[in-house]
Amino acid sequence: MRKPNLHPEIDLDRIPRHVAIIMDGNGRWAVERGLERNAGHREGIGSVREIIRASRDYDVRVLTLYAFSIENWNRPKGEVSELMRLLEEYLENELAEVMENRARVRSIGRLDRLPPSTRRAVEHAVRETEGNDGMQLVFALSYGGRTELVDAARRLARDAELGKVDPEGIDEKAFASYLYAPDLPDPDLLIRTGSEQRVSNFLLWQIAYSEIHLSGCMWPEFRRAEFEAAILDYQRRERRFGLTSAQVRSGGDGVVE
Ligand code: FPP
């Protein structure tokens, strides 16, 4: 039986398997209210919590949150350290709920740049939840799409040098196996809040065929209803993967090579 708290128009058989979110607009949300930018990040935690719960309720299998980009290191020191502190606090406070939901925490990005205590908090959450078989909760931290591709290319070149990989045999699948989390499916739905219309170096390889939902809401205002609107928007799209509409309707498998 359908749970009563689910939106009646959402088709539960067509829920995006992987939703990735660019959580933008915390700073503007705060400034518009005469508050300091960090107040926006603190309020944004409430949205993180609510969207994780909604994702669980709709049985989204993977949720990837762009929590800190590689470019964010250039922000004022005080803002960077507050974001790191919030992340640590979040991971400590929410671990019990994450465990209860059998969710698995993962991270993508250059973790070696994080302050030691933040890195320890992330690694602890990842370790504690490793055996969970529920939804995967992926935090993109110190993450850049181009950096990910460079890191993959570097490891691939090393393996080629060692004779473990034949350069002639490298195809998309082989290359993708060098990404940070190669076992995850590509995002079906990419959401960006904060009214900008750009990709901002997020999951450049993985979003090749993602549907994009742009929300005018600032991240602290993006809550369950806005998430449901994004899913409804996604369900109105026809995903063709380079095929024609007729091919899709007749059951084309959408393989792109
Ligand atoms: C973008 O808003 C948001 C960020 C740089 C960080 C997102 C972080 C959080 C929501 C809080 C901590 C995260 C977790 C996962 C616990 P912005 O500051 O760029 O906003 P602006 O474009 O209005 O300046």
Side-chain angles (χ1 to χ4, degrees), residues 19-56 60 62-98 101 103-111 113-115 117-126 129 135-145 147 181 190-203 214-224 226-227:
V19 177
I21 310 186
I22 302 174
M23 309 181 286
D24 194 22
N26 292 347
R28 275 166 290 160
W29 180 89
V31 170
E32 277 162 17
R33 285 161 181 76
L35 305 168
E36 42 136 9
R37 293 176 52 80
N38 284 337
H41 297 315
R42 282 195 292 278
E43 189 69 19
I45 300 268
S47 298
V48 169
R49 200 175 291 123
E50 199 163 318
I51 297 312
I52 292 173
R53 286 183 185 150
S55 300
R56 178 205 59 203
V60 168
V62 185
L63 177 69
T64 299
L65 299 174
Y66 203 3
F68 194 84
S69 75
I70 201 110
E71 290 79 16
N72 287 155
W73 288 117
N74 300 322
R75 290 199 172 191
K77 267 201 170 67
E79 185 169 338
V80 170
S81 56
E82 176 66 1
L83 277 167
M84 293 298 138
R85 201 191 61 74
L86 283 175
L87 187 70
E88 282 175 42
E89 194 181 279
Y90 170 83
L91 290 170
E92 276 157 26
N93 293 343
E94 307 291 316
L95 195 56
E97 183 171 334
V98 168
N101 292 323
R104 182 175 167 201
V105 174
R106 300 182 64 175
S107 70
I108 51 173
R110 285 199 176 159
L111 246 49
R113 285 188 69 176
L114 297 181
S117 58
T118 313
R119 186 170 171 177
R120 272 197 302 275
V122 176
E123 287 173 347
H124 176 70
V126 169
T129 61
M135 155 197 191
Q136 305 209 47
L137 187 50
V138 186
F139 293 102
L141 291 168
S142 186
Y143 175 87
T147 311
L190 170 69
I191 298 174
R192 180 177 185 131
T193 63
S195 76
E196 310 286 2
Q197 305 186 5
R198 49 179 173 258
V199 169
S200 295
N201 203 12
F202 190 39
L203 303 175
L214 298 169
S215 166
C217 277
M218 301 295 128
W219 177 250
E221 297 165 321
F222 191 87
R223 300 292 167 123
R224 191 183 177 95
E226 287 72 26
F227 183 73

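Note that these values count all heavy atoms, side chains included, but never hydrogens, waters or copies made by symmetry. Counting starts at 1 for both ligands and their atoms, in listed order. One is the number of the first residue; the rest follow in order along the sequence.
- Using modelled atom types and a 3.5 Å distance limit, the side chains of S215 and R192 yield no donor-acceptor pair.
- The two residues F222 and I191 make their nearest non-hydrogen contact at CZ-CG2, 3.9 Å.
- Using a cutoff of 4.0 Å between basic side-chain nitrogens and carboxylate oxygens, R85 and E82 are scored as salt-bridged.
- Nearest-residue assignment for atom 14 (C) of ligand 1 (options L86, L141, L83, L87; heavy-atom criterion): L87.
- Under the 4.0 angstrom criterion for non-hydrogen atoms, I45 is in contact with ligand 1.
- At a 4.0 Å cut-off, at least one heavy atom of R75 sits close enough to ligand 1 to count as contact.
- The nearest pair of heavy atoms linking A125 to L91 is CB-CD2, 4.1 Å.
- Contact between V80 and R75 at its shortest, heavy atoms only, is CG2-O, 3.7 Å.
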Between R120 and E92, is a salt bridge (Lys or Arg N to Asp or Glu O under 4.0 Å) present by the stated rule, with each step listed?
-> CA-CA 11 Å; R120 272 197 302 275; E92 276 157 26; over 6 Å; no
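- Protein heavy atom closest to atom 3 (C) of ligand 1, with residue, atom name and distance, is M23 O, 3.0 Å.
- The atoms of ligand 1 that sit less than 4.0 Å from any heavy atom of Y90 are 16 (C).
- Residue contact annotation: D24 has a non-hydrogen atom under 4.0 Å from ligand 1.
- The N72 neighbourhood of ligand 1 comprises atoms 5 (C), with distances under 4.0 Å to a heavy atom of that residue.
- An N or O contact shorter than 3.5 Å links G25 to ligand 1 by distance.
- Remark: side-chain polar atoms of S69 are not paired, donor with acceptor, to backbone N or O of Y143 under 3.5 angstrom.
- Nearest protein heavy-atom contact of atom 9 (C) of ligand 1 is N26 ND2, 3.7 Å.
- A salt bridge links E196 with R28: the closest approach of a Lys/Arg side-chain nitrogen to an acidic carboxylate oxygen falls below 4.0 angstrom.
- At least one N or O atom of G27 sits closer than 3.5 Å to an N or O atom of ligand 1.
- Those atoms of ligand 1 with a heavy atom of W219 less than 4.0 angstrom away are 10 (C).
- Looking at every heavy atom in both residues, P220 comes nearest to N26 through CD-OD1, 3.3 Å.
- Listed by number with element, the atoms of ligand 1 under 4.0 Å from a non-hydrogen atom of R28 are 21 (P), 22 (O), 23 (O).
- In this structure, atom 11 (C) of ligand 1 lies nearest to the protein heavy atom H41 O, 3.8 Å.
- Side chain of S47 to backbone of W219: a donor-acceptor contact under 3.5 angstrom is found.
- Remark: distances from the non-hydrogen atoms of G194 to ligand 1 are all 4.0 Å or more.
- Which parts of ligand 1 touch F139 is read off a 4.0 Å heavy-atom cut-off, strictly below it: atoms 15 (C).
- Annotation for ligand 1: atoms under 4.0 Å from non-hydrogen atoms of A67 are 6 (C), 7 (C), 8 (C), 15 (C).
- For the side-chain hydrogen bond (donor to acceptor under 3.5 Å, both in side chains) test with T118, the passing option among E123, R113, E88 is E88; the others fail.
- Inclusion of R37 in the set of residues having an N or O under 3.5 Å from an N or O of ligand 1 is warranted.
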